[in-house]
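Below: one structure, written as structure tokens.
Numbered from 1 within each chain, the chains take letters A, B, ... in sequence-line order. Just so we're clear, the structure is a prediction, and the values are computed from it rather than from any experiment.
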Number of protein chains: 2
Amino acid sequence: MSRPTIAGVARAAGVSVASVSRVLNGLPATEEMVERVQRAVQELGYVPDARARSLKVGRTFQLTLAVADVGNPVYVTMMRAVEEVVSAAGYRLVVTTTGPDVVDEVALVRGMARGYADGLLISPIRVDEDLVKSIRECEVPVVVAGNVPAKAGVDTVRANSPKGMLLAIDHLVAQGRHRIAFLNGPADTVPGAARSKGFSEALKAHSLQPIALAEASDFTFAAGRASAPDLLTAGGFDAVVCANDLLAVGLMHELAAVGLEVPGDVAVVGMDDSELAEQCFPTLTSVNLGSAERGRRAAELLLARIEDNDRTPRRIVVQPSLSIRRSTP
Amino acid sequence: MSRPTIAGVARAAGVSVASVSRVLNGLPATEEMVERVQRAVQELGYVPDARARSLKVGRTFQLTLAVADVGNPVYVTMMRAVEEVVSAAGYRLVVTTTGPDVVDEVALVRGMARGYADGLLISPIRVDEDLVKSIRECEVPVVVAGNVPAKAGVDTVRANSPKGMLLAIDHLVAQGRHRIAFLNGPADTVPGAARSKGFSEALKAHSLQPIALAEASDFTFAAGRASAPDLLTAGGFDAVVCANDLLAVGLMHELAAVGLEVPGDVAVVGMDDSELAEQCFPTLTSVNLGSAERGRRAAELLLARIEDNDRTPRRIVVQPSLSIRRSTP
DNA sequence: ATCGTTCTTGTAATCGTTTACAAGCCCGAC
DNA sequence: GTCGGGCTTGTAAACGATTACAAGAACGAT
């Protein structure tokens, strides 16, 4: 026997399908009607079919979250915040991993036209014309967690990494560290470019020169370790700012391996202030770029746009703060 | 103007909707027919509606993954493995967080009857009669990553934590540590119970007595730190086995805070062998319970059951191994 | 030329809901 | 008693695809 439909319930209750639907959706009905329908529903163990409902009402009550890598703790933080907001609003969350390629991101955005979900929250790691175009033309509301040109006319929530960089450098300088190196992630990514720019500006603000620069192949722990030699052969630094926490922790392992003490010999600052920052040892001073808040606000923006697609796009910037821990003096 | 439907394409191409559908699904058709339909599709920018398709074919091409906490690195590992398998098979992944309560898990399983997804992969942290019942009665295929009674008659993939425990204790004993303490997570959870049992058995196998026992309130870093005093006041141990990596790392921070050296004074072993184990300092010796493999195999089992719901349930046990790092001598 | 086979295409039913519209009922006002 | 207004309820038409079935075309064999 297959599962009961609304027609079965109607038959069992001796009423019409419309009445059943109305009772189920809380529309006005007599007490007796409600009673009869509910008994029938109970008896048959009826549950409405989400697929059919989706087709009729044109909504799936699903939202898609697209990130480059579910393993990066910064996305985990964001995802948790997003999950909280959307599930409170009665939506389910579809998580997709886009990988590092922009073409996959474009394909994903285009695919949204199929109507899998009622909205898309995307945190693109690389952005190009195609992606912006596909987002602008997308059939369903899109919110970008990250940086896209204002002319794209899309809701965005982004971090202020230049300012975050400045917080980091200010702190290091205040502690008497002037010989500062920089370990960036891939410079051809949106966050990579922003942090590189922020780093230069922040140094300039203090009239300092960079002592050493390295570019990791990826925003991962392994890449952080792997690019330590690039910095170490340059040498001469008493502090390193890293483009994210994973890189920082990877670097710290290599510093320890060559006998350099953190923060005694070298101070280390990370970015993202992910859970890893307080779990590693020594605990990591890290720029909090507000990932949880960004996730939360992006989700709220998406929900708001689903309510009313005509509202003017908002561009929210979440302000950074510095979480000072033991990796800096 | 609203998006084109299959009827619009049919009109534009001057053919019937059936023909359009057939061409789109790769069923036999003349070359000219294919040509005309594809041109019309191109021109109108038609994309099929997933909602309508779902209703008709009874499948959503979505799979749900339910875990207690997306932030736990062990779930991150599992999720990544699952994502890989299911997306290769053309499914999207819906991730839901159940939280620690078994009633929420039951509600989730029951809710699957609405047909959101074609299958459910659940990793329940607490299990009771209701949950087993709801899983058995579930309308869609369910695979459990974890331990449920064999009589439930459901596909499961689980770790062998007793054996994992034994690996840990064997290693400690081989290194001359006999005064072993245990930091467990909540004992009323499935993994908590399994690890507690495993610990006792493993000690017995070596004719040892436990030196100290503590039960953290949760499988988190913070809970690990918080329960360190319980162990420290007991004292007298030269090694601690922890029920997961987060607890181990939390504990290590507190050990360092009171001046105990790892592994000099105290050896520490974690479980899960998550990414955190190689990121923390000192790097953590950890029992690899095969989370990636469990995720992968669970996903495969789910796909197989979706293909053929009559196959006899399989119960896969993934064997553990020990990843030896610097937190043990 | 006729028939049967095979292949292509079209018509229409169907999936399980929601909802516009109409019909029926009850009740009070005239 | 009749009429109008407000409720409640039912009938049937969507939503946008897939697919069973039938009809028509093409073609070779007799």
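If you check D:dA17, D:dT9, C:dT17 against the side chain of B:Ile6, the one that comes closest is D:dA17. Residue B:Ala52 places its side chain closer to D:dA17 than to any other of C:dT9, D:dA17, C:dT17. If you check D:dT8, C:dG16, C:dT9 against the side chain of B:Ser19, the one that comes closest is C:dT9. Here C:dT19 is the nucleotide among D:dT19, C:dT19, D:dG16 with the atom lying nearest to any side-chain atom of A:Ser21. For A:Pro28, taking side-chain heavy atoms from C-beta onward, the closest of the listed nucleotides D:dT8, C:dT17, C:dG10 is D:dT8. Across D:dT18, D:dA17, C:dG10, the shortest atom-to-atom separation from the side chain of B:Val15 is found for C:dG10. Counting only heavy atoms from C-beta on, A:Leu55 has its side chain closest to C:dG16 among C:dT9, C:dG16, C:dT17. The side chain of A:Ala18 has C:dT19 as its nearest neighbour among C:dT19, D:dT18, C:dG16. For B:Lys56, counting side-chain heavy atoms from C-beta on, the closest listed nucleotide (C:dT17, D:dG16, C:dA12) is D:dG16.
In this structure, B:Glu83 contributes its side chain and B:Leu93 its backbone to no donor-acceptor pair below 3.5 Å. Put simply, the side chain of B:Asp49 gets close to the backbone of B:Ala52: a donor and an acceptor are under 3.5 Å apart.
We find that CG of A:Asn25 is positioned 16 Å from P of D:dT8, with the value rounded to whole Å. One interatomic measurement links the two molecules: CZ of A:Arg51 to C1' of C:dT17, which rounds to 12 Å at whole-angstrom precision. We find that CG of B:Leu44 is positioned 14 Å from P of D:dG16, with the value rounded to whole Å. For the pair A:Met33 CE and C:dG24 C1', the computed distance is 13 Å after rounding to whole Å. Between B:Leu27 atom CG and C:dG10 atom P there is a gap of 14 Å when expressed in whole angstrom units. The interatomic distance linking A:Arg3 (CZ) with C:dT17 (C1') rounds to 11 Å, in whole Å. The distance between atom CD of B:Glu139 and atom P of C:dG16, rounded to the nearest whole Å, is 12 Å. The CD atom of A:Glu35 sits 18 Å away from the C1' atom of D:dT9 (whole-angstrom rounding).
In this structure, A:Thr30 reaches the D:dT9 phosphate: one of its side-chain N or O atoms is under 4.0 Å from OP1 or OP2. The shortest distance between the side-chain N/O atoms of B:Thr5 and the OP1/OP2 oxygens of D:dG16 is not below 4.0 Å. Proximity of B:Arg53 to the phosphate of D:dG16: no side-chain N or O atom is located under 4.0 Å from OP1 or OP2.
Taking 3.5 Å as the limit, the base of C:dG10 and the side chain of B:Arg22 contain a donor-acceptor pair of atoms between them.
Each of B:Leu24 and A:Gly14 lies near DNA chain D, and the nucleotide nearest A:Gly14 is the one positioned closer to the 5' end. With DNA chain C read from its 5' end, the first of the two nearest nucleotides for B:Glu32 and A:Asp49 is the one closest to B:Glu32.
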Item to complete: Report the C-alpha distance between B:Glu129 and B:Lys133 in whole Å, list the side-chain angles of each, state the deciding distance to 0.1 Å, and finish with yes or no for salt bridge (charged side-chain N to carboxylate O under 4.0 Å, His left out).
Response: CA-CA 6 Å; B:Glu129 270 304 320; B:Lys133 184 154 167 286; over 6 Å; no

Practice prompt. Before giving the answer on salt bridge (charged side-chain N to carboxylate O under 4.0 Å, His left out), spell out for A:Glu137 and B:Arg3 the whole-Å C-alpha distance, their side-chain angles and the decisive distance to 0.1 Å.
Written response: CA-CA 12 Å; A:Glu137 291 170 352; B:Arg3 47 184 282 217; over 6 Å; no

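Using modelled atom types and a 3.5 Å distance limit, the side chains of B:Tyr75 and B:Arg80 yield no donor-acceptor pair.
Contact annotation for A:Ala7: no contact, since no heavy-atom pair falls under 4.0 Å across all strands.
A:Asp155 pairs in a salt bridge (Lys or Arg N to Asp or Glu O under 4.0 Å) with only one of the listed residues (A:Arg315, A:Arg305, A:Arg314), which is A:Arg305.
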